[in-house]
Amino acid sequence: MAIRLALARKFLVAVGITVFVTIGILFFFMYEQAQKAIYDHVDRQSTALLQQVVITRAWISEHEGIYIRQAPGVEPNPYLPGSGITDKEGRDYVFHNPALAIRKLSEYAQRKGLYRFHLSSLKPLNPANKPTPFESEALRQFERRGFTASRDGIAGIVRDGDHAAYQRIIPLVVEKSCLTCHLQQGYKVGEVRGG
């Protein structure tokens, strides 16, 4: 009887361990699948958002910038001196080139708790457009590979201490309208010079 009881206990322990390990593997697999699904969802959203940012930037660039009525918090661009205008009624307007307009849109979206984006270049006019280490490496890759090979950009989870964030960078190609502000930097149409 004691032998049977010992065998029954061993059997139950073996079954319990097997069930426990199986459930653990199942939960781990489900966790990994959920993480992948979240990443894929964020990746698709970022791609769509960046397409909209590029379209907005292109529209502003094709119109050679936009003018915003000067008000509290709307300051002239220090990197484009003398670019403001005054209308017939004496109202002042501040010129926003594509880079400044996109940065203002990012600040607005961030204040709303949505997301943020950052224009960067290895040769920025504005120090605020200095690339992060992730962006800097990606921009160098874009320069080596060219636009066609880099069109989808580079994405990944970037860690900064305890903080982790999803980032995607896509190349920005110099267009003729870009040279209005960036001619003195030696840019040529068709080059990848930002992201």
Side-chain angles (χ1 to χ4, degrees), residues 42-132 134-136 138-140 142-143 146-148 150-155 158 165-195:
V42 170
D43 196 58
R44 283 190 304 276
Q45 283 185 321
S46 78
T47 300
L49 174 64
L50 283 173
Q51 287 173 349
Q52 186 60 52
V53 169
V54 169
I55 289 169
T56 302
R57 175 185 167 274
W59 183 85
I60 294 168
S61 184
E62 285 176 12
H63 289 85
E64 298 179 3
I66 57 175
Y67 285 90
I68 309 293
R69 188 167 174 191
Q70 193 160 10
V74 178
E75 301 299 323
N77 186 338
Y79 304 98
L80 299 171
S83 59
I85 60 172
T86 305
D87 70 11
K88 292 178 183 178
E89 284 78 35
R91 294 178 293 227
D92 292 324
Y93 293 83
V94 174
F95 178 74
H96 282 193
N97 65 343
L100 180 58
I102 293 301
R103 189 170 68 249
K104 294 296 183 182
L105 288 171
S106 174
E107 290 169 3
Y108 188 80
Q110 192 173 4
R111 279 195 308 271
K112 297 289 184 183
L114 299 172
Y115 46 79
R116 66 185 171 116
F117 40 91
H118 177 242
L119 291 177
S120 63
S121 170
L122 294 173
K123 298 191 317 186
L125 282 176
N126 182 345
N129 295 340
K130 180 182 174 195
T132 65
F134 172 80
E135 293 166 342
S136 184
L139 290 169
R140 285 188 187 89
F142 295 158
E143 283 185 350
F147 175 69
T148 305
S150 306
R151 184 179 314 231
D152 294 332
I154 297 170
V158 177
Y166 171 90
Q167 290 188 6
R168 172 179 287 282
I169 181 170
I170 60 172
L172 294 177
V173 176
V174 176
E175 298 170 3
K176 186 178 179 186
S177 57
C178 302
L179 298 177
T180 304
C181 300
H182 296 283
L183 184 62
Q184 74 278 13
Q185 291 175 282
Y187 289 172
K188 293 182 177 89
V189 172
E191 290 181 321
V192 174
R193 283 291 174 240

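Every heavy atom of this structure was used, including side-chain atoms; hydrogens, water molecules and symmetry mates were not.
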**Student:** Would you name the heavy atoms of Arg193 and Tyr187 that are closest together and state the gap between them?
**Tutor:** CD-CE2, 3.4 Å
**Student:** In Å and rounded to the nearest 0.5 Å, what is the CG to CD1 distance from Leu100 to Ile68?
**Tutor:**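 Leu100 atom CG to Ile68 atom CD1 measures 8.5 Å (nearest 0.5 Å).
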**Student:** Nearest 0.5 Å please: distance from the NE2 atom of His96 over to the CG atom of Leu105.
**Tutor:**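 Between atom NE2 of His96 and atom CG of Leu105 there are 10.0 Å.
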**Student:** Looking at every heavy atom in both Ala101 and Ile66, which two are closest together, and how far apart are they?
**Tutor:** CB-CD1, 4.2 Å
**Student:** Give, for atom CZ of Phe117 and atom CD of Gln52, the distance between the pair rounded to the nearest 0.5 Å.
**Tutor:** 9.5 Å
**Student:** Might you confirm whether atom CZ of Arg91 has over 12 heavy atoms from other residues, nucleotides or ligands at distances under 6.0 Å?
**Tutor:** yes
**Student:** Would the distance check show the side chain of His118 and the main-chain N or O of Ala128 forming a donor-acceptor pair, the cut-off being under 3.5 Å?
**Tutor:**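 Side chain of His118 to backbone of Ala128, a donor-acceptor pair under 3.5 Å: yes, one is there.
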**Student:** How about Leu139 and Ile169: do any of their side-chain heavy atoms sit closer than 4.5 Å?
**Tutor:**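 Yes; the side chains approach each other to less than 4.5 Å.
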**Student:** Working note: Cys178 + Glu191, criterion side-chain contact (heavy atoms from CB on, under 4.5 Å); need CA distance, chi angles, decisive distance, verdict.
**Tutor:** CA-CA 11 Å; Cys178 302; Glu191 290 181 321; over 6 Å; no
**Student:** Are the side chains of Arg69 and Asp87 in touch, meaning some heavy atoms are under 4.5 Å apart?
**Tutor:**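 They are not in contact (no side-chain heavy atoms under 4.5 Å apart), so the answer is no.
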**Student:** Is there side-chain contact between Leu49 and Arg168, with heavy atoms separated by less than 4.5 Å?
**Tutor:** no
**Student:** Within the 3.5 Å criterion, strictly below it, is a donor on Thr86 or Asp92 matched to an acceptor on the partner's side chain?
**Tutor:**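 Yes, side-chain donor-acceptor contact under 3.5 Å.
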**Student:** Which atom pair, heavy atoms only, marks the closest approach of Ile154 to Phe134?
**Tutor:** O-CZ, 3.8 Å
**Student:** Can you tell me if OH on Tyr108 sees more than 12 non-hydrogen neighbours from other groups inside 6.0 Å?
**Tutor:** no
**Student:** Can you find a pair of side-chain heavy atoms, one from Tyr166 and one from Asp43, that are under 4.5 Å apart?
**Tutor:** yes
**Student:** In the structure I gave you, are the side-chain heavy atoms of Asn77 and Val94 within less than 4.5 Å of one another anywhere?
**Tutor:** no
**Student:** Does atom NZ (Lys130) have a neighbourhood of more than 12 heavy atoms from anything else shown, all under 6.0 Å?
**Tutor:** no
**Student:** Got a donor-acceptor contact below 3.5 angstrom from the Ser121 side chain to the Gly194 backbone?
**Tutor:** no
**Student:** Write down the atom of Arg103, the atom of Asn126, and the distance for their closest heavy-atom approach.
**Tutor:**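 Looks like NH1-ND2, 3.1 Å.
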**Student:** Nearest heavy-atom pair of Val189 and Glu175: which atoms, and what distance?
**Tutor:**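 Distance-wise, the nearest heavy atoms are CG2-C, 4.1 Å.
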**Student:** Can Ile170 and Gln51 be said to form a side-chain contact (heavy atoms from CB on, under 4.5 Å), step by step?
**Tutor:** CA-CA 10 Å; Ile170 60 172; Gln51 287 173 349; over 6 Å; no
**Student:** Closest heavy-atom contact between Pro171 and Val192?
**Tutor:** CB-CG1, 3.6 Å
**Student:** Got more than 12 heavy atoms from elsewhere within 6.0 Å of CD, Glu64?
**Tutor:** no
**Student:** Would you call Lys104 and Glu107 a salt bridge, using N to O less than 4.0 angstrom?
**Tutor:**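 Judged by the 4.0 Å cut-off on N to carboxylate O distance, Lys104 and Glu107 do form a salt bridge.
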